[in-house]
Amino acid sequence: MADLKVTLSGLELDNPIIPASGTFGYGYEFAELYDINMLGSFSFKGTTLEPRFGNPTPRIAETPAGMINAVGMQNPGIDRVISEELPRLKKCFHKKVVANIGGFSVDEYAECCARIDGEEQVGLIEVNVSCPNVHNGCMSFGTDPLGISAVTKAVKAVTKKPVYVKLSPNVTDIVPLAVAAAEAGADGISLINTLLGMRIDLRTKKPVIANKMGGFSGSAILPVALRMVYQVYEAVKLPIIGMGGISSARDVVEMMLAGATAVEVGAANLVDPWACPKILAELPSVMEQYGISSLRDIIGGAH
Amino acid sequence: MKQGIYTIIEHTPLTKDVYRMVLSGDTSAMTMPGQFVEISLPGFFLRRPISVCDYDEKTITLIYKVVGQGTDALSQMKEGESLDMLVGLGHGFDAGKSGDAPLLVGGGVGVPPLFNLARKLIAAGRDVTVILGFNKADEIFYAREFEEIGARVLVTTVDGSVGVKGFVTDALPEHFSYVYSCGPMPMLRALYKAAQGKGGEFSLEERMGCGFGACMGCSIMTKEGSRRVCKDGPVFDKEVLEWQI
């Protein structure tokens, strides 16, 4: 019997499969399609202190083996997430959820995390310091070790929940950023967010996306994500949630060998809404094929 | 919404870049006219959203225009080949609100999603008028098909080569009970102005990521807050849309 269980900072997951923030809403669209309780957890839509509409459309472009989005952290704001989304989610999801929190200042991150700290449904907080789609915020924290350190310390001071810092790949060297998060007290690292990219429409001769650039995700970025997870695993002794282009059970195993304790599945959910159940269904046979009895045993196995 | 494999049983060009494709398979997820499907195409990451022109218990008819590499690849598909589709997406037209004499207005490739609606309205005994707007004669399609199911059809062309010269708003009848429309945004805006005081529903188009409400890629701001074109629409009550006119 294949053992899929993993543990993230004391949070025990039945399996390492976590739909990624921004590809799973607040869960209930998918709960209409399958029992989302089969998932390890899921990371809800990036939430900020104030409600946000996000960027103008078009917000989506296609790429070879991937896509670009410039949604811009559209969300109803932390208070409505607590008063409306979480109670609605509770009816269809009985496990702990990952709260993905975005912000535009250190105080805003801290205030948002302080408000979600009392929510029993939240198993861990994923601090998004890496959204490429908003100006004057988010990614500017995520590409500066001092910014990451300040946000991490401020958030840790207001919550008892495990804090995972979600890093941007849009840097020359990911390691100093992971180290900054670790030294500031992060409980884990989540990576990678999307890569900054763009497409140009040959008919209009202008960028496809209204915001010009956006976050590139999908199968095409898997090797970049694997490389960065591998580097971060060597540099810090913290659990890692690995993501970026995962769309199959083989990708999950590969990401865990690179050093991830759990994985997030993102763009794949948008192309096939049943992507996560399919990955879960094929995991045991892929494990058997490669002589793996327990997923815990392979974390960082490639090092 | 259901995912399934559908077999192409007919695939024919209607104009130089507009094609009609009939597929057989499970249509049980289709609940109203104006819904759409998302088609997976080999070699392309995202699915393609295409509005449903008509459907019955066993078949789905799509009419699409070749506008890019994805729809170009779709146009190369042969009868007998199959497609992976998500079916029954979005909120469509509410035929129950039509009143006795509904007006249906389609512009270009906005014409197809009105066809099943027209069929249902005629079956319900409504007096249906359809205005089909095109640029010129060789772009016209489906005027005869609408007539064959019993609709009164008015064609407009911008160059005047067929029917009324001008835009769809140049052919508006004096009396109608409700208006349903799909077409380019400038046409919808002009129609909104021309049909003030009448109720109606407009189908919108937007670049989509998923097509089923998860990614927020196609959000628009309405008078009632942000809405997803793919899930809350594509058909909206025209009065909730922000027109800035």
Side-chain angles (χ1 to χ4, degrees), chain A residues 19-30 32-33 45-46 51-76 80 133 199 201-203 208-210 214 216-220 245 247 266-275 278, chain B residues 1-5 17 29 38-49 65-73 84-91 185 204-234 242 244:
Chain A
S21 179
T23 66
F24 214 70
Y26 293 93
Y28 33 81
E29 274 84 10
F30 289 84
E32 292 171 14
L33 306 179
K45 177 91 187 89
R52 284 180 55 83
F53 172 65
N55 292 321
T57 58
R59 298 174 168 183
I60 302 288
E62 190 179 47
T63 72
M67 62 181 287
I68 295 174
N69 89 82
V71 169
M73 292 209 295
Q74 178 175 352
N75 79 92
R80 267 184 59 198
N133 290 325
R199 297 300 314 262
D201 186 325
L202 297 188
R203 286 172 305 161
V208 171
I209 286 179
F216 173 31
S217 63
S219 325
S247 64
N269 293 309
L270 307 181
V271 190
D272 179 358
W274 289 272
K278 285 176 186 166
Chain B
M1 173 172 78
K2 278 194 178 173
Q3 180 181 17
I5 304 298
D17 55 5
E38 280 267 15
I39 305 177
S40 175
L41 290 166
F44 293 88
F45 189 77
L46 295 174
R47 291 172 183 266
R48 262 56 187 175
K65 183 176 180 177
V66 174
V67 292
Q69 293 177 66
T71 40
D72 186 42
D84 173 339
M85 303 201 298
L86 302 178
V87 171
L89 300 177
H91 172 81
M185 192 47 86
L204 304 186
E205 187 173 46
E206 191 52 78
R207 261 179 196 266
M208 292 176 186
C210 63
F212 51 88
C215 74
M216 316 304 272
C218 61
S219 296
I220 55 162
M221 189 51 86
T222 71
K223 289 174 185 150
E224 296 175 347
S226 78
R227 293 287 182 271
R228 298 159 297 183
V229 171
C230 72
K231 176 94 174 182
D232 306 309
E242 299 274 14
Q244 288 141 1

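Computed over heavy atoms, backbone and side chain alike; hydrogens, waters and symmetry mates excluded. Letters go in sequence order (proteins before strands), and every chain restarts at 1.
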| said: Looking at B:Phe45, is its backbone amide N or carbonyl O close enough to the side chain of A:Glu62 to form a donor-acceptor pair, meaning the two atoms are under 3.5 Å apart? | reply: yes
| Rounded to the nearest 0.5 Å, what separation is found between the NZ atom of A:Lys45 and the CE atom of B:Met216? | 6.5 Å
| remark: For B:Glu206, the salt bridge (charged side-chain N to carboxylate O under 4.0 Å, His left out) test, sequence neighbours excluded, returns none
| message | What's the separation between atom CD1 in A:Ile60 and atom SG in B:Cys210, rounded to the nearest 0.5 Å? | response | 8.0 Å
| Part of A:Leu33 lying under 4.5 Å from any heavy atom of chain B | side chain
| query | Mind checking whether A:Glu29 and B:Arg228 have side chains closer than 4.5 Å, heavy atoms only? | reply | yes
| Region of A:Phe30 that comes under 4.5 Å of a non-hydrogen atom in chain B | side chain
| said: As an exercise: rank A:Arg203, A:Glu32, A:Arg59 by heavy-atom pairs under 4.5 Å with chain B and give me the winner. | reply: A:Arg59
| request: Under 4.5 Å heavy-atom distance to chain B, tell me which part of A:Asp201 shows up: side chain, backbone, both or neither. | output: side chain
| Quick one: are B:Glu38 and A:Val271 in side-chain contact, heavy atoms under 4.5 Å? | no
| task | State the CZ-CG distance between B:Arg207 and A:Asn69, to the nearest 0.5 angstrom. | result | 13.5 Å
| field | For B:Lys65, salt bridge (charged side-chain N to carboxylate O under 4.0 Å, His left out) partners two or more places apart | value | none
| query | Can you say whether A:Thr63 sits under 4.5 Å from chain B via the side chain, the backbone, both, or neither, judging by heavy atoms? | reply | backbone
| So, for B:Leu46 and A:Ala61, which heavy atoms are closest and what is the spacing to 0.1 Å? | CD1-O, 4.2 Å
| Is there a side-chain contact between A:Pro273 and B:Met1, using heavy atoms and a 4.5 Å cut-off? | yes
| message | To check you understand the geometry: which heavy-atom pair defines the closest contact between A:Thr57 and B:Gly217, and what is its length? | response | CG2-O, 3.9 Å
| request: Identify which part of B:Ile220 has an atom lying under 4.5 Å from any heavy atom of chain A, answering side chain, backbone, both or neither. | output: backbone
